[in-house]
Amino acid sequence: MANKEWPLYEVFIRSKQGLSHKHVGSLRAADEQMAIDNARDVYTRRSEGISIWVVESNSVFASDPNDADSLYEPSNSKVYRHPTFYDVPDGIEHM
Amino acid sequence: MKEHNIEVLERDFQAKIDNDIKIEPKDWMPDEYRQTLIRQISQHAHSEVVGMLPEGNWITRAPNLRRKAVLLAKVQDEAGHGLYLYSAAETLGADREQTIDDLHSGKAKYSSIFNYPTLSWADMGAVGWLVDGAAIMNQVPLCRCSYGPYARAMVRVCKEESFHQRQGFEIMTTLAQGTAEQKAMAQDALNRFWWPALMMFGPPDEDSKHTKQSMDWKIKRHTNDELRQMMVDITVPQAELIGLTIPDPDLKWNKEKGGYDFGEINWDEFWQVVKGNGPCNKDRIETRRKAKENGAWVREAANAFAEKRKLRNTKKAS
């Protein structure tokens, strides 16, 4: 058991009430509670956060960068999804 | 993979770098780029970790509570910086245990500055002022490094490290304004750390075999000699301001180049220390090895406790 490598955890911190948790880095720990404790010591020493999430890195399933074109290219041609696509006559306000 | 495919991949990769688009862990990258980064990031991580030792030496003997709290906070930061960097190396596929074992076996290097002893309290001042000063000079451009995780780790490190240099300079200033003995102590620390601090930027450009490729890959943004010159130009006026003398008889302002000319660096000494023959090389590695061995029972206990907690939680749930 001594040589068992601790799992890697991804650490997310909410910097203040009203903001979402943001990925800040990763660390190794024996379990989730220890990951939280270590994240507190490493990532919030200067009041960077008020809430911590840890997720075992193995549980993160990520998209493949090679699929980037097929995944994100289609939205490039759909400029009509942005408000700047539309002509608004002069004199119209608050739209 | 077919050969022309590799060519296309390499071309696309370099195009990204040339356009200042960051490389992220899952992106394709040439194997040498990966290996260069693993070597550099793990060496950097080791330097943070070994760098705790010369300062740890003085924590129990800090002259007052304020200095002690500051030094503790600084050393704790270095541990955190080691962690950020080991994690960044892991995103490239480096194995954490193996990386640390490579340090302990002597296979991996770390900054040779940490193989010099810290003989007096003034050394805490010199280390913060000069060693952290040189480290910051190196690390600020690394915040724009082409590899995303390394660049992000550097942003955190630089933000946290800005107090490290100031606290060192504060120690030097206080001593320099103190009694004759205190001022002599500060001068002695400067005398011993000045040249090793300039060596921290690595061998001169003509002898630095990795510089050209690292600059093309935007891992490095300035050459060793450029950074060294910046360090000298910034530091000399700081020493003058607090009445200390840079231990270099050849130091003089060169109006034409807008910087200082400075004396020859003893590169024999540098290579001797890199090869393991510095004053503290053996001691540093021995301390690291013992720390790992003596901490084994703690890691074992943490595993046992994690198991127990898991069991308890499943029982509660059922």
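Chain identifiers are assigned alphabetically (A, B, ...) following the order of the sequence lines, protein sequences preceding nucleic acid strands; residue numbering begins at 1 within each chain.
- Counting heavy-atom pairs under 4.5 Å between each of A:Gln33, A:Met34, A:Glu48 and chain B puts A:Gln33 at the top.
- Contacts with chain A were tallied for B:Gly80, B:Ala301, B:Ala73, B:Ala302; B:Ala302 has the most, counting heavy-atom pairs under 4.5 Å.
- For the options B:Glu24, B:Gln76, B:His81, heavy-atom pairs under 4.5 Å to chain A are most numerous at B:Gln76.
- Salt-bridge check for A:Arg46 with B:Glu160: passed, with a basic side-chain N closer than 4.0 Å to an acidic carboxylate O.
- For chain A, the nearby parts of B:Arg96 are the backbone and the side chain; heavy atoms of each come within less than 4.5 Å.
- Under 4.0 Å is where a charged nitrogen must lie from a carboxylate oxygen, and between B:Lys26 and A:Asp64 no such pair does.
- Of the two parts of B:Asp77, the backbone and the side chain both hold a non-hydrogen atom closer than 4.5 Å to a non-hydrogen atom of chain A.
- Contact check for A:Asp31 versus B:Phe305: no side-chain heavy atoms found under the 4.5 Å cut-off.
- A 4.5 Å side-chain heavy-atom check between A:Arg28 and B:Tyr86 finds every atom pair outside the cut-off.
- Of the N and O atoms on the side chains of A:Asn66 and B:Trp28, not one donor lies less than 3.5 Å from an acceptor on the other residue.
- For A:Ala29, no part sits under 4.5 Å from any heavy atom of chain B, backbone or side chain.
- More than 12 heavy atoms of other residues, nucleotides or ligands shown are found within 6.0 angstrom of NZ on A:Lys78.
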Which donor-acceptor pairs under 3.5 Å do side chains of residues 143-151 of chain B form with protein atoms, sequence neighbours excluded?
residue: B:Ser146; atom: OG; partner: B:Tyr33; partner atom: OH; Å: 2.8
residue: B:Ser146; atom: OG; partner: B:Trp217; partner atom: O; Å: 2.7
residue: B:Tyr147; atom: OH; partner: B:Thr91; partner atom: OG1; Å: 2.7
residue: B:Tyr150; atom: OH; partner: B:Gln40; partner atom: NE2; Å: 3.4
residue: B:Tyr150; atom: OH; partner: B:His44; partner atom: ND1; Å: 2.9

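- For chain B, no part of A:Glu32 is nearby; none of its heavy atoms comes within less than 4.5 Å.
- Considering every non-hydrogen atom in both B:Asn303 and A:Ala30, the closest pair reads OD1-CB, 3.9 Å.
- More than 12 heavy atoms of other shown residues, nucleotides or ligands fall within 6.0 angstrom of atom CZ in B:Arg309.
- Counting heavy atoms of neighbouring residues, nucleotides and ligands inside a 6.0 Å radius, atom CG of B:Leu65 does not exceed 12 of them.
- Atom OH of B:Tyr84 is separated from atom CG of A:Leu27 by 10.0 Å, given to the nearest 0.5 angstrom.
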